[in-house]
Structure formats: structure tokens, C-alpha cells
S.K.: 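Handing you a structure now.
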Number of protein chains: 2
Amino acid sequence: MGFLLAQLGRAATRGYRCALMPIGVKPRETAALMRLQDGPLSQQELGTALDMDPSNLVALLNDLEARGFAVRSRDPQDRRRHLVGMTDQGRAALDEVVAAAADVDDEFFSALTQEERELLHELLVKIGESTEIPPPVEVAEAEDGC
Amino acid sequence: MGFLLAQLGRAATRGYRCALMPIGVKPRETAALMRLQDGPLSQQELGTALDMDPSNLVALLNDLEARGFAVRSRDPQDRRRHLVGMTDQGRAALDEVVAAAADVDDEFFSALTQEERELLHELLVKIGESTEIPPPVEVAEAEDGC
DNA sequence: TATTGTTATACTCTATAACTATA
DNA sequence: TATAGTTATAGAGTATAACAATA
């Protein structure tokens, strides 16, 4: 079943990329901004929340910061950390972007009723929680590496 | 919601890659073999079934064919077409691979009950059908490009 | 010594256009 | 002319290791 999940996920991402291109924001950047909505995160936290390696997050944040959508500031508590927050400009962009993404979702999940969509959402969140993906502040040790 | 779908899809793929590596088969190759189970397909058909561009399918099939898991043969009806079928060796490999993939699924969806998994599967299939992904023999014209 | 962010690099995936052979 | 497969290539995404600054 994971194959189906992956395939649909790719298709959804393609839809996002298509719809977000005119706005000039990538799907991943959108996901990052959405994560930052609820307050600043360290890059580690953001990385685990987005399920991407911190090293790969650097370029993405450089881009967001260059365009004035996000800001990095050193955490006074632990000067190793960068607290990533979003700017007002970022918030404004996010509004626009979220609207476009909602349209994509609307078409992508058009085969499902509203109830089914909510149900699907619940199921996905449940999986995400079990694989410690969505909850931002929570670090898991993989140990497996693989 | 598509972002969540995409993220979980990536995580699932990573799990597959991890579990399939020792067997020497990639997630996409596994998906391809599964598609070929029910009979030969043209590369176009296989491409749409896997939601990947036919041009990118070439290398994948070269690999499968080199290892004796699949065979390409010209369609006598239309000599432009390659009918892609799987060999007995491919079938044997698939058995092994499917078992490993099932283990991955089992862990990945461990947060869901059996009922919930079936429900999720139904919902995903429904989405897939609406975006003309899963049904192998069915071509859609995008027109959008994008 | 361990952790955060960074850099660099290699590898895979994806997208696109152009080519060939057949129709 | 249009289609199936192929080739080549550029771009995006991903994984890994090593490094500097800080703890």
C-alpha cells in the first residue's frame, strides 16, 4: 500500500508545484512556511517536522531568507541553534500560497466527499504521529540508519 | 493535505528502499514488477500506471531486463510497441520482494487497525482512479503540461 | 565529547526536448 | 503526420561525510 501512497504523494506534489510556480514558491517551501506559522523552530526541529535532513534545509532557508519570508536568529539560550521564524512578508505570501494549495487539494481529492477527506486526514495524521513526523518538537533516534 | 500525503509517501519509499536494498531491488522496480503481474503491458501503459515518464522508464527496464526479471518483445500488431512481460525469475524475485514490502507496510501502518488500513486503501484507490493513475490500461491527455 | 548548523559531494528522481522506427 | 520507444541533459530531491562554532 505504501507504493500507492508514494505515487499519490508525488502526484500531489506535482500539482502543487504546478499551481505554486506562478507565485514563485516551491512545495517544500510552502510546507516549511506552514510549519513556521505556529512559532519559531530550530532548524533541527523544522528538519524533522518536514522529514528532511538539516543539511538540505540550509539552501531552502537561505532562499526563504533571501526573499524576506523567513529569518534566522541565534537562540540566546543555546548559541548553536538558529531559531527560524517567519516575517510578515512570509505570512502574506503564505496566505496566497495556502489558497492556491487548497485549490489543488480540492481538485486532487475531488473523488472524496468531505467526510471521506476528513477521515483520510485522520488516518494520515495517525500514521504520521506513529512515525514521529508531524509533531514538530520531538526527536526520534533512528539507530537504523539504513 | 497533499503535503502530508507526499511526506508520508516519501517516508514509505524510504522504508521500502531500506528493506529492499539487501534483495537488490529498488522500490520503483518493485512497483513495476507488481504491475506486470497481471500480464504484459506496453511501456506507455506501464509508464502511466507507475506515473512516470516513458523516457525514465527505459533505464529501469534495461536494468530489470539485464537481471532477467523482465523481457521486452515487439508487439506483432504494432511493431512500434514493446510489450513488457515478466520472467519466471522475475516472478520469483517478486515473491521475495513483496514479502519484504509487506513487512514494511506492516510497520509503517502499525498505528492503524486492519479495518482502518482497508479503509485507507479504499480511499487512496478512489483518489488514484480519479487522477487516472492505478488502472493500467487507460491513457489520459493532460493538455496542461505544467 | 556531543550537538547545531554548514559545506561539499554523489546519487537518485524528475522533466524536457530531440531523435528513430514504425504507423 | 502521429505515436512508441530511445537518448541526452538539466534540474530537483536525497543521502553522507566532514567541518566550525558552541555546549
Side-chain angles (χ1 to χ4, degrees), chain A residues 3 6-7 9-18 20-21 25-32 40-48 50-65 70-84 139 141-142 144-146, chain B residues 3 6-7 9-18 20-21 25-32 40-65 70-84 137 139 141-142 144-146:
Chain A
F3 291 109
Q7 191 160 330
R10 277 195 307 273
T13 299
R14 197 178 328 129
Y16 288 138
R17 180 172 302 114
C18 187
L20 298 177
M21 185 183 306
V25 182
K26 297 179 188 178
R28 261 300 170 68
E29 295 172 339
T30 303
L41 293 176
S42 79
Q43 295 188 197
Q44 291 280 345
E45 288 166 340
L46 186 55
T48 62
L50 295 174
D51 189 31
M52 65 186 290
D53 194 283
S55 69
N56 297 323
L57 196 59
V58 174
L60 188 151
L61 288 179
N62 288 345
D63 235 52
L64 286 181
E65 205 169 18
V71 279
R72 281 185 268 213
S73 59
R74 287 212 172 274
D75 182 351
Q77 310 297 319
D78 182 344
R79 289 183 43 75
R80 290 174 302 183
R81 288 189 176 173
H82 284 173
L83 288 179
V84 185
V139 185
E141 34 239 82
D144 194 350
C146 190
Chain B
F3 291 109
Q7 191 160 330
R10 277 195 308 273
T13 299
R14 195 175 333 126
Y16 287 139
R17 179 172 304 115
C18 188
L20 298 177
M21 186 183 305
V25 182
K26 297 179 188 177
R28 263 297 172 69
E29 295 172 340
T30 303
L41 293 176
S42 78
Q43 294 189 197
Q44 292 280 345
E45 288 166 340
L46 185 56
T48 62
L50 295 174
D51 189 32
M52 65 188 290
D53 194 282
S55 69
N56 295 324
L57 196 58
V58 174
L60 189 150
L61 288 178
N62 288 345
D63 235 52
L64 286 181
E65 205 170 18
V71 279
R72 281 185 269 215
S73 58
R74 287 212 172 274
D75 181 352
Q77 311 297 319
D78 183 341
R79 289 183 43 75
R80 289 174 302 182
R81 288 188 176 174
H82 285 172
L83 290 179
V84 185
V137 191
V139 185
E141 36 239 79
D144 195 349
C146 196

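All values below were derived from every heavy atom in this structure, side-chain atoms included, with hydrogens, water molecules and symmetry-related copies excluded. So that the names make sense, note that chain A is the first sequence line, chain B the second, and so on, each numbered from 1.
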S.K.: Could you work out which one of C:dT6, D:dA4, C:dT4 sits closest to the side chain of B:Arg81?
M.R.: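 Side chain of B:Arg81 sits closest to D:dA4.
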S.K.: What is the separation between atom CE on B:Met52 and atom P on D:dT6, rounded to the nearest whole Å?
M.R.: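 Nearest whole value for this atom pair: 12 Å.
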S.K.: What is the distance, to the nearest angstrom, from the CG atom on B:Asp63 to the P atom on C:dC13?
M.R.: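 Distance, rounded to whole Å: 10 Å.
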S.K.: In B/S/- notation, 5' to 3', how is nucleotides 17-23 of chain D contacted by protein heavy atoms closer than 4.0 Å?
M.R.: B----BS
S.K.: Cut-off 3.5 Å, side chains only: do B:Gln44 and B:Arg81 have a donor facing an acceptor?
M.R.: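 Side chains of B:Gln44 and B:Arg81: no pair found under 3.5 Å.
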S.K.: Are B:Thr30 and A:Phe3 close enough that some pair of their side-chain heavy atoms sits under 4.5 Å apart?
M.R.: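 SC-SC contact between B:Thr30 and A:Phe3 confirmed.
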S.K.: Would you say D:dA4 has OP1 or OP2 under 4.0 Å from some side-chain N or O of B:Gln43?
M.R.: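 The answer is no; no side-chain N or O of B:Gln43 sits under 4.0 Å from OP1 or OP2.
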S.K.: Considering all heavy atoms of both residues, which atom of B:Ala11 and which atom of A:Asp51 are nearest to each other, and what is their separation?
M.R.: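 The pair with the smallest heavy-atom distance is CB-OD2, 4.1 Å.
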S.K.: What's the closest nucleotide to the side chain of A:Arg17 if the choices are D:dA12, D:dA15, C:dT6?
M.R.: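 Within the option list, the nearest is D:dA12.
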S.K.: Checking the side chain of B:Glu65 only, and the main-chain atoms of B:Arg72 only, is there a donor and an acceptor separated by less than 3.5 Å?
M.R.: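 The answer is yes, because a donor-acceptor pair under 3.5 Å joins these two groups.
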S.K.: Could you give the CD-to-P distance, from B:Gln44 to D:dT3, as a whole number of Å?
M.R.: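 That distance rounds to 10 Å.
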S.K.: Identify every side-chain donor-acceptor pair in residues 52-59 of chain B under 3.5 Å, counting partners at least two apart or on other chains, and give the distances.
M.R.:
| unit_1 | atom_1 | unit_2 | atom_2 | d |
| --- | --- | --- | --- | --- |
| B:Asp53 | OD1 | B:Ser55 | N | 2.9 |
| B:Asp53 | OD1 | B:Ser55 | OG | 2.8 |

S.K.: From the options D:dT6, C:dT6, C:dT14, select the nucleotide whose nearest atom is closest to the side chain of A:Arg10.
M.R.: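 The answer is C:dT14, which lies nearest to the side chain.
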S.K.: Between A:Arg72 and C:dT4, is there a side-chain N or O to OP1/OP2 distance below 4.0 Å?
M.R.: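 Indeed not, no polar side-chain atom of A:Arg72 lies that close.
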S.K.: CG of B:Leu50 versus P of C:dA15: gap in Å, rounded?
M.R.: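 So the two atoms are 14 Å apart, to the nearest Å.
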S.K.: Specify the separation, in whole Å, of atom CG of B:Asn62 and atom C1' of D:dT7.
M.R.: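 For the pair B:Asn62 CG and D:dT7 C1', the rounded distance is 11 Å.
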S.K.: Could you state the atom-to-atom distance from CZ of B:Arg14 to C1' of D:dT16 in whole Å?
M.R.: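 Going from CZ in B:Arg14 over to C1' in D:dT16 covers 14 Å.
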S.K.: Rounded to the Å, how far apart are B:Arg28 CZ and D:dG13 P?
M.R.: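 Atom-to-atom, B:Arg28 to D:dG13, this comes out as 15 Å.
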S.K.: Taking all atoms of both residues into account, what is the closest heavy-atom pair of B:Ala32 and B:Leu60, and its distance?
M.R.: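 Of all heavy-atom pairs spanning B:Ala32 and B:Leu60, the closest is CB-CD2, 4.0 Å.
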S.K.: Rounded to whole Å, please give me the gap between CG in B:Leu46 and C1' in D:dA4.
M.R.: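 Rounded to the whole Å, the gap is 13 Å.
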S.K.: Looking at A:Asp63 and A:Lys26, is any side-chain nitrogen of the basic one under 4.0 Å from a carboxylate oxygen of the acidic one?
M.R.: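 A:Asp63 and A:Lys26: not salt-bridged.
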